[in-house]
Amino acid sequence: MEVARTIAETRRALEPRRSGGVGLVPTMGALHDGHLSLLSAARAENDTVVMSLFVNPAQFNERGDLASYPRDERRDLRLAEEAGVDLVFAPSAEEMYPPGFQTWVDVVELGSILEGAFRPGHFRGVATVCLKLFEIVRPDRAYFGQKDAQQVEVIRRLIADLALEVELRVCPTVRDADGLALSSRNARLSPEERERALALPRALATRDRESALRLLAESEGVEVDYVEVADFQPPVLAGAVRVGGTRLIDNVVLDER
Ligand code: AMP
């Protein structure tokens, strides 16, 4: 497995590997089984698998969240290698956002609802970094998790609107045995908070907004940002809550409507 720190190195490494298909899995590291499921899907469908490992400052709307985001590059590289990744692109913030950087891509409407309403600028950061990653790696396929349903929808719109030549592949949400969706931010939960956080998947599992809100209202130590039906592809019941200092999102697919 190669590790590239610069855009130039990445392009150079990929030049001879274009013919058999290139799959890109964008990540912010702190890898868990959710990430590994994306890597495994990419491994099955492409001759070359690229994983980006970049904690994108532009998509954090809170300094504290960025500062405390879990980072363990050594572990991530080991897991990526075990998953059969060919190339990891792990740039510095300066490589991605050089001095004077001022070009942004904004998926205006989709980027401003739900998560976007609570995290201003978040999806602008996501869309911009993904477009840049697509341009650097030029993948045939890019892999995203259904866990971040609105992110998938933003990327789908970005690809359609800008006629990008990349196929969007979406993998199902991976959950712990107790139902909690895997997330790098789960590491911040104390055992007690983690127990409280289970209220979110349990509420969403009702697949009914009112019932979900009722269950969450009864849950101690869980503050609701929103629970909404979102008309995505496929439609989902999506929710965001705060447990202690940790913000968690989740969704369930509403396919039987
Ligand atoms: P992140 O490192 O959090 O930016 O996530 C990188 C990719 O992994 C995104 O496409 C996420 O949607 C996806 N992902 C994160 N958690 C999960 C999960 N529990 N199941 C499936 N995919 C996930």
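Atoms within each ligand, like the ligands themselves, are counted from 1 in listed order. In this chain, residues are counted from 1 in sequence order. This structure is a prediction, so every number in the text was calculated from the model and none was measured. Hydrogens, waters and symmetry mates play no part in the numbers below; they use all other heavy atoms, side chains included.
- Ligand 1 places these atoms under 4.0 Å from at least one heavy atom of Q151: 9 (C), 10 (O).
- Residue-ligand proximity: Q146 is placed with every non-hydrogen atom at 4.0 Å or more from ligand 1.
- Interface of T173 with ligand 1, defined as ligand atoms under 4.0 Å from a residue heavy atom, comprises 20 (N), 21 (C).
- Within ligand 1, the atoms closer than 4.0 Å to a non-hydrogen atom of L182 are 16 (N), 17 (C), 18 (C), 19 (N), numbered from 1 in the order shown.
- Counting the atoms of ligand 1 from 1 in the order shown, those under 4.0 Å from a heavy atom of F144 are 10 (O).
- Ranking the protein heavy atoms by distance from atom 10 (O) of ligand 1 puts G145 N, 2.9 Å first.
- Here the side chain of Q150 pairs a donor or acceptor atom with the backbone of L110 at under 3.5 angstrom.
- If you check which protein heavy atom lies closest to atom 20 (N) of ligand 1, you get V174 N, 2.8 Å.
- Proximity of Y69 to ligand 1 is established by a heavy-atom distance of less than 4.0 Å.
- What sits closest to atom 4 (O) of ligand 1 on the protein, heavy atoms only, is M28 CG, 3.5 Å.
- For ligand 1, the atoms sitting less than 4.0 Å from at least one non-hydrogen atom of H32 are 15 (C), 16 (N), 17 (C), numbered in the order shown with element in parentheses.
- In this structure a side-chain-to-backbone donor-acceptor pair under 3.5 Å is missing from S40 to L36.
- Taken from CD in E195 to CG in D178, the straight-line distance is 7.5 Å, to the nearest 0.5 Å.
- Distances shorter than 4.0 angstrom occur between a heavy atom of P26 and an atom of ligand 1.
- Inter-residue side-chain proximity for Y143 and V49 is flagged as unmet; no heavy-atom pair is nearer than 4.5 Å.
- Nearest protein heavy-atom contact of atom 21 (C) of ligand 1 is P172 O, 3.5 Å.
- Relative to atom 7 (C) of ligand 1, the option among L38, N186, D176 with the closest non-hydrogen atom is L38.
- Side-chain atoms of R175 and P201, non-hydrogen and from C-beta on, do get closer than 4.5 Å to each other.
- Nearest non-hydrogen protein atom to atom 23 (C) of ligand 1 is K147 CB, 4.0 Å.
- Between the side chains of N56 and Y97, at least one donor-acceptor pair of N or O atoms lies under 3.5 Å.
- Crowding of R138 atom CZ: a count of heavy atoms from other residues, nucleotides or ligands under 6.0 Å not exceeding 12.
- Side chain of H122 to backbone of R119: no donor-acceptor contact under 3.5 angstrom is found.
- The shortest heavy-atom distance from R175 to ligand 1 is not under 4.0 Å.
- Protein heavy atom at the shortest distance from atom 14 (N) of ligand 1 is D148 OD2, 4.2 Å.
- Here the heavy atom of the protein found nearest to atom 5 (O) of ligand 1 is H35 NE2, 3.4 Å.
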